[in-house]
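To keep things clear, I will list the structure first and then write my remarks on it.
These numbers were taken from a predicted model, which means no experiment stands behind them.
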Amino acid sequence: MTQAIDKSRVLIFDTTLRDGEQSPGATMTHEEKLEIAEMLDDMGVDIIEAGFPIASEGDFNAVSEIAKRSKNAVICGLARANFKDIDRSFEAIKHAAQPRIHTFIGTSELHRAIPNLTMDEMAEKIHETVTHARNLTDNVQWSPMDATRTEWDYLCRVIEIAIKAGATTINIPDTVGYTAPMESADLIKRLIATVPGADDVIFATHCHNDLGMATANSLAAVAGGARQIECTINGLGERAGNTALEEVVMALKTRHDIMPWHTNVDTTKIMNISRRVAAVSGFAVQFNKAIVGKNAFAHESGIHQDGMLKNRENFEIMRPEDVGLAGTSLPLGKHSGRAALRDKLEHLGFELGDNQLKDVFVRFKDLADRKKEVFDDDILALMRVGTDPEKARLKLVTLRVVCGTGGPADATLVMDIDGEEKTAIEKGDGPVDAAFRAIRKLHPNTAHLELYQVNAVTQGTDAQATVSVRLEEDGNIATGESADTDTVVASAKAYIHALNRLLVRRGKTGEDEKEISYKDI
């Protein structure tokens, strides 16, 4: 059946909860996935790839619950090219108002060698699995993984097979970030012109950022005829990441003069979801990141500031308000009340329930007692870091560090471990090293510290420090983040946060997930 395709509209397919979550250390909790899905649905994303249901029971449950709760978006589950995966995916998404199965197989010469299939055997497998998916739902997406490195004749052949078997969307993945804009546009254009039935399906583009061209490649594909862009919030994703949703959406909006296509995304919600994804994933947004970076709308150069004062269009091609940034407002202080904090949070794009506000207010007051003024970035740090989950097995109680020049530092640490307070005293090469050694003494582990990063939230000697810690243990990677006016305390909290995440991952069927996860599509 021929489907009506609006040539002026680009569908936004968000895979933050699937491909984005597969960034090392970016695993989200069940509740966090539901929250992000609700925000994506609310902002007007067309399709949400909620996860890979066969990967684990947790992934299945998250996809299933998102499917039940979704109000507007198509809810999609990923499946490899076999009946078991496809059936599991359908079971997870069947309660959605608009369910979609996304099935894939690697078609390039390199990827055909993984299942050791001949071209003919793979072609038959594609026919069988897409037909099976279409018998379950009339919304089927098919992807030839590593399409940009697949032989042209074979790519055309398998796409034709998928269309005849019932696929309604054909996604062309640049799985390893290999292509360039001219190639991307030409590939889509040639496929639409060559493959029988191509006019009756939607062509999609899925780009990785290994060469820094994911956004350019995605927009070029649209110019070539693609009408669906697969992307993630903040460009989160495997290796160098995926196409960033905020970049393609704002590029289409800002340069509508040369790219006459539109999306249904409410761009004023971009900053809020960017901040939330950064918080739950543990992946901070770099300061100079396009659209959502801290410096994206900052102007320090004297020439730039002078030009901005005369006419903001001199140096701004977008309005901060268009992405959900409000104008600068007065900071809060220790005398500010709940009403002022709630107003500030709403001003920054956060809507909190009474219990959530109560929790944030306690931490705000604690911070305000230590700082003369609490700025917007301080509030954002509080929201980004949050608190230890109630079920966290490890919690920091107190930390005292003594250090001086020319000698080791001494850390006295009290931790709550499974409800029991324990104390350790350790020496280290500096205060952070001493604190980490004390944590390891109370909670022995073999986790390797892959990343330790400190950033000041605001200026001044009383500025909060945000600390990110990434740990690796037996192939599991977890990221922890915390903020405090005391950098050592923030470091200890971030380290403990990461350890708690590792404990959660240990409790899952990790080996099963490693065996079946096909991350790089």
>> Checking K289 against E247 for the salt bridge (Lys or Arg N to Asp or Glu O under 4.0 Å) test, could you report, in this order, the C-alpha distance in whole Å, the side-chain angles of both residues, the deciding distance, and whether it holds?
In response: CA-CA 10 Å; K289 167 74 174 65; E247 293 179 13; 2.7 Å; yes

Exercise answer: donor-acceptor pairs, residues 62-70 side-chain atoms, under 3.5 Å, sequence neighbours excluded:
unit_1: E65; atom_1: OE2; unit_2: R69; atom_2: NE; d: 3.1
unit_1: S70; atom_1: OG; unit_2: A67; atom_2: O; d: 3.2

> Would you say N445 and R440 make side-chain contact, with heavy atoms under 4.5 Å?
Replying inline: yes

> Taking NZ, NE, NH1 and NH2 as the nitrogens, is one of them in K164 or E160 under 4.0 Å from a carboxylate oxygen of the other?
Replying inline: yes

> Are the charged groups of E151 and R112 less than 4.0 angstrom apart, N to O?
Replying inline: yes

>> Looking at every non-hydrogen atom in both residues, tell me the closest pair between A214 and N242 and how far apart they are.
In response: CB-C, 4.2 Å

> What is the minimum heavy-atom distance between L471 and A498, and which atoms define it?
Replying inline: CD1-CB, 3.7 Å

> Should R501 and E473 count as an ion pair when the cut-off is N to O under 4.0 Å?
Replying inline: no

> Judged by modelled atom types alone, do T16 and D14 share a side-chain donor-acceptor pair under 3.5 Å?
Replying inline: yes

> Quick check: does any side chain N or O of D174 sit under 3.5 Å from a backbone N or O of T179, one acting as donor and the other as acceptor?
Replying inline: yes

> Which heavy-atom pair separates R276 from M39 by the least distance, and what is that distance?
Replying inline: CG-SD, 3.9 Å

> Okay, side chain of T129, backbone of A81: is any donor-acceptor separation there less than 3.5 Å?
Replying inline: no

>> Looking at N355, I'd like to know if its CG atom is crowded, meaning that more than 12 non-hydrogen atoms belonging to other residues, nucleotides or ligands lie closer than 6.0 Å.
In response: no

> Are E57 and R88 within salt-bridge range, i.e. N to O under 4.0 Å?
Replying inline: yes

>> Tell me every residue that passes salt bridge (Lys or Arg N to Asp or Glu O under 4.0 Å) with D210, counting only those two or more places apart in sequence or in another chain.
In response: R239

> Is the side chain of T466 donor-acceptor paired with the backbone N or O of N455 at a distance under 3.5 Å, no angle test?
Replying inline: yes

>> Restricting to non-hydrogen atoms, name the atom on H497 and the atom on G480 that form the minimum distance, rounded to 0.1 Å.
In response: ND1-CA, 3.5 Å

>> Check whether D146 reaches the backbone of G106 with its side chain - one donor and one acceptor, N or O, closer than 3.5 Å.
In response: no

> Are the side chain of N264 and the backbone N or O of G44 linked by a donor-acceptor pair below 3.5 Å?
Replying inline: no

> Relative to the ring of H102, is the ring of F13 parallel (under 30°), tilted (30 to 60°) or perpendicular (over 60°)?
Replying inline: perpendicular

>> Given 3.5 Å as the limit, does a donor-acceptor pair link the side chain of D41 with the main chain of K71, or not?
In response: yes

> Are any side-chain N or O atoms of Y154 and backbone N or O atoms of M119, one a donor and one an acceptor, separated by less than 3.5 Å?
Replying inline: yes

Cut-off 3.5 Å, no hydrogens considered: what does the side-chain donor-acceptor table look like for residues 220-234, sequence neighbours left out?
unit_1: R227; atom_1: NE; unit_2: K7; atom_2: O; d: 2.7
unit_1: R227; atom_1: NH1; unit_2: V222; atom_2: O; d: 2.9
unit_1: R227; atom_1: NH2; unit_2: K7; atom_2: O; d: 3.3
unit_1: Q228; atom_1: OE1; unit_2: R100; atom_2: NH1; d: 3.2
unit_1: Q228; atom_1: NE2; unit_2: Q141; atom_2: OE1; d: 3.1
unit_1: Q228; atom_1: NE2; unit_2: E230; atom_2: OE2; d: 3.4
unit_1: E230; atom_1: OE1; unit_2: H206; atom_2: ND1; d: 2.7
unit_1: E230; atom_1: OE2; unit_2: Q141; atom_2: NE2; d: 2.5
unit_1: T232; atom_1: OG1; unit_2: L236; atom_2: N; d: 2.9
unit_1: T232; atom_1: OG1; unit_2: L236; atom_2: O; d: 2.6
unit_1: N234; atom_1: OD1; unit_2: S274; atom_2: OG; d: 2.6
unit_1: N234; atom_1: ND2; unit_2: S274; atom_2: O; d: 3.0

> How about K253: does its NZ atom have over 12 heavy atoms from other parts shown lying under 6.0 Å from it?
Replying inline: yes

>> I need the minimum non-hydrogen distance between V130 and A167, along with the two atoms involved.
In response: CG1-N, 3.7 Å

> Does CD in E38 sit with more than 12 non-hydrogen atoms of other residues, nucleotides or ligands closer than 6.0 Å?
Replying inline: no

>> Can you tell me if E128 has over 12 outside heavy atoms packed within less than 6.0 Å of its CD?
In response: yes

> Would you call R80 and D85 a salt bridge, taking side-chain N to carboxylate O under 4.0 Å as the test?
Replying inline: yes

> Is there a donor-acceptor pair closer than 3.5 Å between any side-chain N or O of D186 and the backbone N or O of M182?
Replying inline: no

> What are the two closest non-hydrogen atoms of A96 and P99, and how far apart are they?
Replying inline: O-CD, 3.5 Å

> Does N500 reach the main-chain N or O of R393 with its side chain, forming a donor-acceptor pair under 3.5 Å?
Replying inline: yes

> Are the side chain of S23 and the backbone N or O of G237 linked by a donor-acceptor pair below 3.5 Å?
Replying inline: yes

